[in-house]
Amino acid sequence: MSSSHCIVIGLFCAVLLGGSLSHGQLTPTFYNETCPDVLSIVRGVIEEALQTDGRIGASLIRLHFHDCFVNGCDGSLLLNNTATIESEKDALLNNNSVRGFGVVDDIKTALESACPGIVSCADLLAVAAEESVSLAGGPSWGVLLGRRDGTTANRTLADLALPSASDSLDTLMSKFSDMGLNTTDLVALSDSQVKFMRSLSNDGEKNNNGNGTGLADLDPTTPDAFDNNYFSNLQVHKGLLQSDQELFSTDGPDTVYIVNSFSGDQSAFFASFVESMIKMGNIGPLTGVEGEIRLNCGRVNEDVSGSDALLHSYI
Ligand code: HEM
């Protein structure tokens, strides 16, 4: 990790660096010898994509989240349908909702050109999430790296494990707890989704903000910045999704306490957010000789059977 990645939360980063061994075999220095420019390559492709798609950072963060919650952070979400793989892209909460696969392919192409066969698609998603948060004005951190790619997908599990906007607080907490994430992680990570314009069409709700996009701006005060305003909005009951407002309901005194503390202290929120993103990125990674380094994020390496014929046109 470059020192520039620690400017926002210097002390916190130092602690994380020192403690990296406690996160299994993942380490921020994993590609130092084999692909030293991995962070700047990923950032460069995202910066270019942002020129024409201001939402792409949000979409990439969500891809990492939806990847990690199903089979761990193993790139399984990126696999396309084949005769043997039921793509997670078609799960209820992913279909016509998760996006950014074209940019993932662009990032992979750039990485393969600089360091062929080295950087996994699972790590690509983790780095893309961090760089997207940083590019949106949020904190930077040393992403733990060294994940390898899975060779299977699990659409059924995706339907069960991914949180839905209509879930109760108990259900949200239990889905997070199943991943080893606690209530603070739930509250800290929930902010990232509303920092961006997002569509609600997948939940049967339509919200048009007047710009003709059909996208809802869920943070009316500072929609373009990555900050702690989301929590102030919850305090005045401006959380638009039920799942957001559940964090500040009378049913959840724990979450109310956390919302209040993040609302009053942006640096505490940033530090907590980083810690939770690292925890999320550490869900069930494949390491060592497990899995593979996929050459094309959409299919496993041995699958050269023309499976592209089965691909949907995912964006
Ligand atoms: C707590 C439970 C969560 C629920 C119920 C939830 C639900 C949703 C829903 C309904 C959308 C809109 C989908 C659409 O546009 O079709 C969304 C978007 C988004 N979510 Fe979440 N989410 C949750 C947690 C998270 C977490 C933990 C993260 C990241 C760490 C996250 C990141 C995002 C982002 C960045 C978007 C915008 C994506 C885009 O514009 O392409 N969400 N979420």
Side-chain angles (χ1 to χ4, degrees), residues 46 49-50 53-70 73 77 89 91-104 125-126 128-133 135-136 138-139 141 161-209 213-219 223-224 226 230 234 239-248 252 255 258-259 272-283 314-315:
I46 299 173
L50 279 167
D53 180 1
R55 186 182 163 196
I56 191 62
S59 305
L60 292 169
I61 294 165
R62 192 166 186 236
L63 286 182
H64 180 47
F65 160 46
H66 282 208
D67 178 36
C68 292
F69 263 55
V70 184
C73 312
L77 170 60
K89 295 175 183 180
L92 286 175
L93 290 166
N94 285 336
N95 194 18
N96 293 321
S97 182
V98 285
R99 63 192 287 279
F101 299 109
V103 174
V104 168
L125 290 181
E130 186 273 341
E131 292 298 325
S132 295
V133 170
L135 282 165
W141 65 94
L162 294 172
S164 156
S166 54
D167 281 345
S168 68
L169 184 58
D170 276 353
T171 305
L172 290 175
M173 284 169 66
S174 122
K175 285 180 174 176
F176 272 63
S177 158
D178 287 348
M179 300 296 146
L181 300 176
N182 61 28
T183 311
T184 306
D185 300 319
L186 167 65
V187 179
L189 294 175
S190 290
D191 174 82
S192 60
Q193 61 183 349
V194 298
K195 294 289 101 185
F196 306 92
M197 307 278 281
R198 70 184 190 190
S199 159
L200 300 180
S201 54
N202 195 43
D203 299 279
E205 298 175 57
K206 277 283 178 193
N207 188 310
N208 196 315
N209 63 356
T213 62
L215 298 175
D217 179 357
L218 300 190
D219 177 5
D224 297 324
F226 189 97
Y230 166 70
L234 289 185
L240 193 52
L241 299 183
Q242 179 188 326
S243 53
D244 292 335
Q245 200 59 60
E246 285 277 316
L247 302 180
F248 199 71
T255 54
I258 302 165
V259 166
S272 233
F273 176 80
V274 167
E275 192 177 355
S276 298
M277 282 295 282
I278 289 173
K279 272 174 82 177
M280 187 179 84
N282 210 38
I283 299 172
Y314 298 108
I315 53 166

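Whatever order the structure lists them in is the order used to number ligands and atoms, beginning at 1.
Between R55 and ligand 1, an N or O atom pair is found at a separation short of 3.5 Å. Residue N96 places no N or O, backbone or side chain, under 3.5 Å from any N or O of ligand 1.
Within the listing of ligand 1, atoms 5 (C), 10 (C) sit less than 4.0 angstrom from a heavy atom of A165. Per-residue contacts place L186 under 4.0 angstrom from the following atoms of ligand 1 (heavy atoms of the residue considered): 1 (C). Taking every non-hydrogen atom of F176 and a distance limit under 4.0 Å, the qualifying atoms of ligand 1 come out as 1 (C), 27 (C). Atoms of ligand 1 lying under 4.0 Å from any heavy atom of S97, numbered from 1 in the order shown and given with element: 13 (C), 14 (C), 16 (O). Under a 4.0 Å criterion applied to the non-hydrogen atoms of S190, ligand 1 contributes the atoms 1 (C).
Residue S164 touches ligand 1 through its backbone alone, judged by heavy-atom distances below 4.0 Å. Contacts of L172 with ligand 1, taken as heavy-atom pairs under 4.0 Å, involve the side chain alone. No part of D167 comes within 4.0 Å of ligand 1, judged by heavy-atom distances. For A58, heavy-atom contacts with ligand 1 shorter than 4.0 Å involve the backbone as well as the side chain.
Here the CG atom belonging to L162 is positioned 9.5 Å from the CG atom belonging to L92, to the nearest 0.5 angstrom. Atoms CG and NZ, from D185 and K279 in turn, are 3.5 Å apart once rounded to the nearest 0.5 Å. Here N94 contributes atom CG and R62 contributes atom CZ; the two are 7.0 Å apart, rounded to the nearest 0.5 Å.
The side-chain heavy atoms of E275 and W141, taken from C-beta on, include no pair separated by under 4.5 Å. Side-chain atoms of L125 and C73, non-hydrogen and from C-beta on, never get closer than 4.5 Å to each other.
A donor-acceptor pair is defined here as one N or O able to donate and one able to accept, closer than 3.5 Å; such a pair exists between the side chain of D167 and the backbone of S164.
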_Verdict with reasoning, L60 to E131, per side-chain contact (heavy atoms from CB on, under 4.5 Å)_ = CA-CA 10 Å; L60 292 169; E131 292 298 325; over 6 Å; no
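Between F176 and F65, the angle of the ring planes lies from 30° to 60°, which puts this pair in the tilted group.
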